[in-house]
There are 2 protein chains.
Amino acid sequence: MISLSYTEENYLKAIYHLSYLGKECITTNEIAEMLNTKPASVSDMLKKLSQKEMINYVKYYGVEITDQGKSCALKIVRKHRLWEVFLVEKLKFNWDEVHDVAEELEHIQSNLLIERLDHFLGFPKYDPHGDPIPGADGLLREKPQIGLCDLTINDIGFLSNVKEAGVAFLQYCDKVGLKIGVKIKVIDKVSFDNSLEIEIDNIKTISISKEVSKNIFVTR
Amino acid sequence: MISLSYTEENYLKAIYHLSYLGKECITTNEIAEMLNTKPASVSDMLKKLSQKEMINYVKYYGVEITDQGKSCALKIVRKHRLWEVFLVEKLKFNWDEVHDVAEELEHIQSNLLIERLDHFLGFPKYDPHGDPIPGADGLLREKPQIGLCDLTINDIGFLSNVKEAGVAFLQYCDKVGLKIGVKIKVIDKVSFDNSLEIEIDNIKTISISKEVSKNIFVTR
DNA sequence: TAAAAAATTTAGACAATCCTAAAAATATTT
DNA sequence: AAATATTTTTAGGATTGTCTAAATTTTTTA
Ligand SMILES: [Mn+2]
Ligand SMILES: [Mn+2]
Ligand SMILES: [Mn+2]
Ligand SMILES: [Mn+2]
């Protein structure tokens, strides 16, 4: 088993997440931006991850994650999301408070720990933001979902996932009542700015911007 | 608040533990041995910890922990021991499996995390090895206890603390029935090798070496 | 108390990770 | 297609923490 340093794990996870949406090729600048670091540092790291066969790296062109790399990244994502569940379910953290702590906890090295944690939490399938938790087998099972911004008038869905982990966004969601599981009905769509008028749980109607709606996913 | 790196925290904690038994002055070699590193590396680190006023360091003489250093060390010890309780109580780790994982978990930076964990665990006072957990106020409350090796024939005590965290020792204790809380009666003391014959929970009688008895403490 | 031994520090290197500035390659304009 | 802009890499240096080997200081021994 090839071992990765704390920093290598963070880079690999970033590359995995950038790869996730089916992009064939990830660029140096994208990685630098995601990790708040400089492109020069990224170039250094890409050589190392390439040598460890976590990525295929072609100078000046870009980066592609390997199967081995994806498998390592998924283990880290598994740990991250299980810890997030722990923090919310057991320690009563709010969903906007968990990300930074999980960013550290995901690097703790112990298979026993993570499997016992999984058991203790009752083998959860999704994290507090609705993201799927990779299994111990290394597989990610996604549920079919659709962007709130892609619904049309009178469509109904149940909030299943938020795609933005920022504190500001999550606190905004809390404030207006957008939580995992709520029922959302599209009342109106303003073509001028693509904002939506939505009804939440048959109770209240609010207006949300396209910025917001494109980060929210629902199941139908 | 002065911040310490992961490595600085480990050094400071080692110095704290070496200081604990009232030693006025800790030596470079002792620290190196405890941390499995070389004296030269220790000398380097002592300069840094001294500059951060965690220790008083006199070249060629030795090291003394400052009040500030002790306070920082106690915060790390608090985290270490709370995580050990979590691993044993919630994740069903055996007491010989927790140390290395807690050694990593103790460095996670989040006050909210550790205070919520404390609450979640029901504000435990002792870790799985019977060591006292420093309070959020930074104070360590010890209970009076006595070394099993200092009991005399017919004395009775309740096992309250094991002073050795090694896997081999803890598994040995498990095997012979030495657990926190058991009642121990000294049946005989062999003056030749200072081994003890003890009765556990009025049920079984075993013989233990001085090596073992000096690592076991009881309350009377 | 002088020599030998042990403990400790310093000197010099190395690995990991980061940075800035300069160079090189690629992409976009005109 | 040449000039310009952007992206990416390399060069060189800083920081943290490690090590070995050599120098220095302290302690022990004879
Ligand atoms: Mn991380
Ligand atoms: Mn999440
Ligand atoms: Mn540690
Ligand atoms: Mn312990």
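Per chain, numbering begins at 1; letters A, B, ... match sequence-line order. Any value given below was found using the heavy atoms of this structure, including those in side chains, with hydrogens, waters and symmetry copies removed.
Aromatic pair A:H129/A:H99: ring centres not closer than 6.0 Å.
Residues A:N36 and B:E30 each lie close to DNA chain C; by heavy-atom proximity, the contact nearer the 5' end of the strand is made by B:E30.
Every residue meeting the side-chain contact (heavy atoms from CB on, under 4.5 Å) condition with B:E9, not counting sequence neighbours, appears here in chain and number order: B:L4, B:I76, B:H107, B:Q109. For B:K90, the side-chain contact (heavy atoms from CB on, under 4.5 Å) criterion is met by A:F120, B:F86, B:F120, B:L121, not counting sequence neighbours. In this structure B:D174 satisfies the side-chain hydrogen bond (donor to acceptor under 3.5 Å, both in side chains) test together with B:W95, sequence neighbours excluded. A:Y61 meets the side-chain contact (heavy atoms from CB on, under 4.5 Å) test with A:C25, A:V58; sequence neighbours excluded.
Not one side-chain nitrogen or oxygen of B:T7 sits closer than 4.0 Å to the OP1 or OP2 atom of D:dT16. Close to C:dT8, at under 4.0 Å from its OP1 or OP2, lies a side-chain N or O of B:N29. In this structure, A:T28 reaches the D:dT9 phosphate: one of its side-chain N or O atoms is under 4.0 Å from OP1 or OP2.
Residues B:K52 and B:E8 are paired through a salt bridge, judged by an N-O separation under 4.0 Å between the basic side chain and the carboxylate.
Atom-to-atom, CD1 of B:I31 to P of C:dT9 comes out at 9 Å; the value is rounded to the nearest Å. Summarising the geometry, the separation between CG on B:L4 and P on D:dT15 is reported as 19 Å, rounded to the nearest angstrom. Following rounding to the nearest Å, A:Y61 (OH) and C:dA27 (C1') show an atom-to-atom distance of 14 Å. For B:Y6 and D:dT18, the OH to P distance is 12 Å, given to the nearest whole Å. As rounded to whole Å, 14 Å separates atom C1' of D:dT15 from atom CD of B:Q51. In this structure, NZ of A:K38 is placed 17 Å from P of D:dT6, rounded to the nearest angstrom.
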Check: residues 133-144 of chain B side-chain donor-acceptor pairs under 3.5 Å, at least two apart:
unit_1, atom_1, unit_2, atom_2, d
B:D137, OD1, B:L139, N, 2.9
B:E142, OE1, B:Y20, OH, 2.5
B:E142, OE2, B:Y20, OH, 3.1

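Residue contacts for A:Y11: at a heavy-atom cut-off of 4.0 Å it reaches the sugar-phosphate backbone alone, with no base atom in range.
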Show the distances under 3.5 angstrom between N or O atoms of the protein and N or O atoms of nucleotides 10-13 of chain D.
unit_1, atom_1, unit_2, atom_2, d
D:dT10, OP1, A:K59, NZ, 2.4
D:dT10, OP2, A:K47, NZ, 3.1

